[in-house]
Every structure is written in C-alpha cells, then in structure tokens.
There are 2 protein chains.
Amino acid sequence: MAKQTKPLVTLRKSPTQARAQETVDTILEASAQILQKDGEGALTTNRIAEHAGFSIGTLYQYFPNRDAILAAMASREQAHILGKLEAVLARLDPADPEPMVREAVRALLGAFRGRHGVRRAVILSVMRRLPDGPLASAGVAEPLLAALEARNAGRVAPLGEAGGFVLLRAITGAVRAAAIERSPLLGTPAFEDALVRLVMGMLRPTTGPAVAAAQPAGGA
Amino acid sequence: MAKQTKPLVTLRKSPTQARAQETVDTILEASAQILQKDGEGALTTNRIAEHAGFSIGTLYQYFPNRDAILAAMASREQAHILGKLEAVLARLDPADPEPMVREAVRALLGAFRGRHGVRRAVILSVMRRLPDGPLASAGVAEPLLAALEARNAGRVAPLGEAGGFVLLRAITGAVRAAAIERSPLLGTPAFEDALVRLVMGMLRPTTGPAVAAAQPAGGA
DNA sequence: GGAGAAAGCCGAGCAACGCTCAGATATTGG
DNA sequence: CCAATATCTGAGCGTTGCTCGGCTTTCTCC
C-alpha cells in the first residue's frame, strides 16, 4: 500500500515549463474571446480547447473543471483591481475623505472598462462560489474604511460591522449591476459622482431627524 | 402547407384546467425543495420531474427549458416583493422621508426571510437574464424616488438618472449580497439601520466640496 | 349515459455536454 | 544518440437537457 507522491487526489499539474504556462494563457484567452463573441452559453470545454488549438485532454491537465476556467479569469481580474486600488490608496491621505473616496471609486471603475461580454460572465461566476469574490475585495476595502474612520473621528460616523458590510456590497453591487446590465452609464462622470455621493453620504455623520436648512443649491 | 394556428413556435401551453395549474405548482415546489436540500447543482430536469411525481415530458409542456423554471420562481418572488412594497408605500407620506425609507427597507428585508437555499439560486438566475430582474424593481422604486424628490425639494437633493440607478442597485446589491453570502446580518436591526443610513445619506443634500466645516466636530 | 374532442400525461431515446485515461509526442540532460 | 520527464492527444463514457409519438383523463354536448 505504499502510496506515491501523487496517488489519489489527481491534482492538476501547475505549469513548470514556459510552454505550459503559454498553454494556460492561451486557454484563458480563448475562453475570453468565446465569451466576448458568443456569450456564456457558447463556452463549452470542447469549444475552448478547439479554439485554443489544443485537445480537450490538455485543457483538463490544468483546470479540474469548466468552472475553474472562469474562476481563474476572475482571480486574475480581481488581483488586477486590488493592485490598482492598493496603489491609489497608498499615496493618499485618509484625513481628507472625499478625494480618497473619489480616487478609489475611479480606480474601481477603471478596471471595468472594455471586454464587457467577458466581465459579465466572470462576475456571475464569482457570485456562484461564495467565499472568494466579496471577501477578496473586503481585504482592501476594510482596512481602507478603518483608516478613514480612525483618522476622521467626529467628521465621519463609525460604520460598525453592518455599516461596513452594506457600504462595501452597495458599491460593488452598483458597479456590477452596471456591468451586468451593460448600462451606458458605466463610463460617465455622472456615474462616478453618484458613487462618490453614495459613499460620502453614508460616511457623513447623521444629524438626527433632518438636515433641512443645509444648502439650497444641490449639485447642478 | 396551410399553417395552423400554432404551427412553428411550439409555444408552451398555459395551464387551463385546474389539474394543470396544480401540476405547475407541484413542479415549482419540487424545484424549491431540491434547491433547498441539495443546491443548484442537483436541480436537473429529470430529478425535478421525478421528485414532483411527473414524467419529464409533462415538465416540458409548461416550461420551455430548465432556466424557465428558475425564471418562474423568480417571477413569483418578485411579484410578491413588489406587492408588499406597493402596499407599504401607498399609505405613507413622502413628505417625511425617513419613515418612508425605513418602511420600504423593512418590507424589502421581510421578503428575504426563510428558504435561503432557494433564494440564492433564484437571485443568480435573475441576474443571468438581463432585462427582467433589475428593471422590475425599478418599476416601483423609481416612482417612489420621484415622489420623494418632488415633495421634498430643498430638503432632498435630486438624484438624476445616475443617482437613481446607483441608489437602487446599491440597495438591492447589498441585500442580495447578504442573501447570497448567507450573512448572519440579514435578520438583524443593525442591517436595517445600515440600509436606511445608506439611502438617507444619499438623499441628503451635498454641501459642496467637503463636509468638514458643516458640523464643528461634535465629539472626540 | 355515451361518444368524440380537447387537454393533459408518459418515457424511450437523441444530441451535446463535461470529463477520463491509455498512450503518442515533445523537451531536457547526459 | 538515448532515457527520463513533461506535455499533449482524442475516442469514448456517463449524464444532461430536451423531443416526439402515442396513451389516458377530463370536458362537452346530445
């Protein structure tokens, strides 16, 4: 019964030679092209393999199942977004909330340009597998919120667990909805303004019943 | 080649006899039970038919494909939610925003109780088919927002197209996320408060560049 | 009540899918 | 050149979504 090093689980090999890494990239790119051109219904494993120029067996050497391909695409996209967000946030002062929020929103939106047909499917695939997606973005957003709160005590009302959850899901919900619905608003400044307003509105301290006499002039 | 009244499209029949209506209900209920017990992966058409006690052919007399079953469940759920929302909103005064918002939020949340395993799959199925889901809720929410704005000029900042879009998707995004992630927050008062705060914060008029000077830093 | 029409139900079986596995082919190091 | 390792191949298995010809139940009207 002496088990070998890779006996039962049949783990998918990770590409060691450069050639193999290229194969993986080719498969992911072929998937993206099929998604962009013919939608998720056309994304069959045989079609991916054919379009990538490999046999179906090759595909299954790197991906354990069809969903793993979408998961890999999602993972790459998320890493890209998180990188952008972190870069932007590192060089901004949390003591001045609005520009920081605006830059974060802008970075988030920047990652949603182009390849809409692909993103739609990728977003939906992320939502199918619970523990990834939302929590991954929480990894950047929660420290950000904490920093904002800590450095703005008094000017910013603490959110608490529920507030943070809602704020984070609200933003991603709005942006994802725009992407999934292919809304023409996605690229517009008005959309960015609205997102900033959403965040700032929730951060601003609540002043009891109403703010009646604040400023008659709104945003126009 | 004289065509009959129903020649090519093979539309699925709608149940005319009471027996058929029961069949449809039984199929939907069987689907819900399978979803709740074993998740979406187990929801195969043959299994649904078997669990409902009908043959697979019967199922396909009323539903053109597997997705239509989920769509029907979604449609029922949405109609239920919209009904509750309309009932609540009809008897409240738009000139007093916060209670109105709170009641709307509470009605929305009330519809998300129980049967979480079912709701998860139903929500995801709605998001797969663009033109329904989001726009259906817009049908209630947009009049509501318009009424709020019209009766509160000055106290409430106009949202505009982008603002309305973002606010609506933000709320549904937050609630759906809680459902999809099976967050324990879903039933709590803190969650309701956070949602109200999200909406009220966005309705409150923005005071130009920064809020810093609006309140002379009450505490801390 | 009975006969014909209409509505509803059945389930073997087909095309297409995701995926496996035994072996062919390429690459590397000596 | 050869052996060892990494990579690739594709026929084919089990399952799925779904169709279609025919059977059973219910309605309708005399």
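Every chain is numbered from 1 and lettered A, B, ... according to where its sequence line falls, protein lines coming before strand lines.
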For this session: Decide yes or no on side-chain contact (heavy atoms from CB on, under 4.5 Å) for B/Gln61 and B/Thr23, but give the supporting numbers first.
Result: CA-CA 11 Å; B/Gln61 285 207 320; B/Thr23 302; over 6 Å; no
Exercise. Does D/dT7 have OP1 or OP2 sitting under 4.0 Å from an N or O in the side chain of A/Thr58?
Worked result: no
Exercise. Does B/Arg102 have any salt bridge (charged side-chain N to carboxylate O under 4.0 Å, His left out) partners at least two apart in sequence or in another chain, and if so, which?
Worked result: B/Glu98, B/Glu192, B/Asp193
For this session: Look only at the side chain of A/Ser75 and the backbone of A/Ala72, and say whether a donor-acceptor pair between them is shorter than 3.5 Å.
Result: no
Seminar exercise, completed: Bend of the helix from C/dG1-D/dC30 to C/dG30-D/dC1 from end-axis comparison, five pairs per end, nearest 10°, comes to 10°
Problem set entry | Partners passing side-chain contact (heavy atoms from CB on, under 4.5 Å) against A/Thr26 (at least two apart in sequence or in another chain) | A/Ala52, A/Phe54
For this session: Inspect the contact between A/Glu29 and A/Arg115 and indicate whether a charged nitrogen and a carboxylate oxygen are less than 4.0 angstrom apart.
Result: yes
For this session: Enumerate the residues from residues 19-27 of chain B whose closest heavy atom to DNA chain C is under 4.0 Å, giving them by residue number; use none for an empty result.
Result: B/Arg19, B/Ala20, B/Thr23
For this session: Take atom CD of A/Glu103 as the centre, draw a 6.0 Å sphere, and report whether it contains more than 12 heavy atoms from other residues, nucleotides or ligands.
Result: yes
So which protein N/O to nucleotides 14-19 of chain D N/O distances come out below 3.5 Å?
| from | atom 1 | to | atom 2 | distance (Å) |
| --- | --- | --- | --- | --- |
| D/dG17 | OP2 | B/Thr45 | N | 2.8 |
| D/dG17 | OP2 | B/Thr45 | OG1 | 3.1 |
| D/dC18 | OP2 | B/Tyr60 | OH | 2.8 |
| D/dC18 | OP2 | B/Arg66 | N | 2.5 |
| D/dC18 | O5' | B/Tyr60 | OH | 3.3 |
| D/dT19 | OP2 | B/Arg12 | NH2 | 2.6 |

Exercise. side-chain contact (heavy atoms from CB on, under 4.5 Å) between B/Leu185 and A/Val166: does it pass, once the steps are laid out?
Worked result: CA-CA 10 Å; B/Leu185 287 169; A/Val166 165; over 6 Å; no
For this session: Could you tell me whether B/Glu181 and A/Arg169 have a side-chain N and a carboxylate O separated by less than 4.0 Å?
Result: yes
Problem set entry | side-chain contact (heavy atoms from CB on, under 4.5 Å) against B/Ala68, all qualifying residues, sequence neighbours excluded | B/Phe63, B/Pro64, B/Asn65
For this session: Consider only side-chain N and O atoms of B/Gln21 and B/Asp25, and report whether a donor and an acceptor are under 3.5 Å apart.
Result: yes
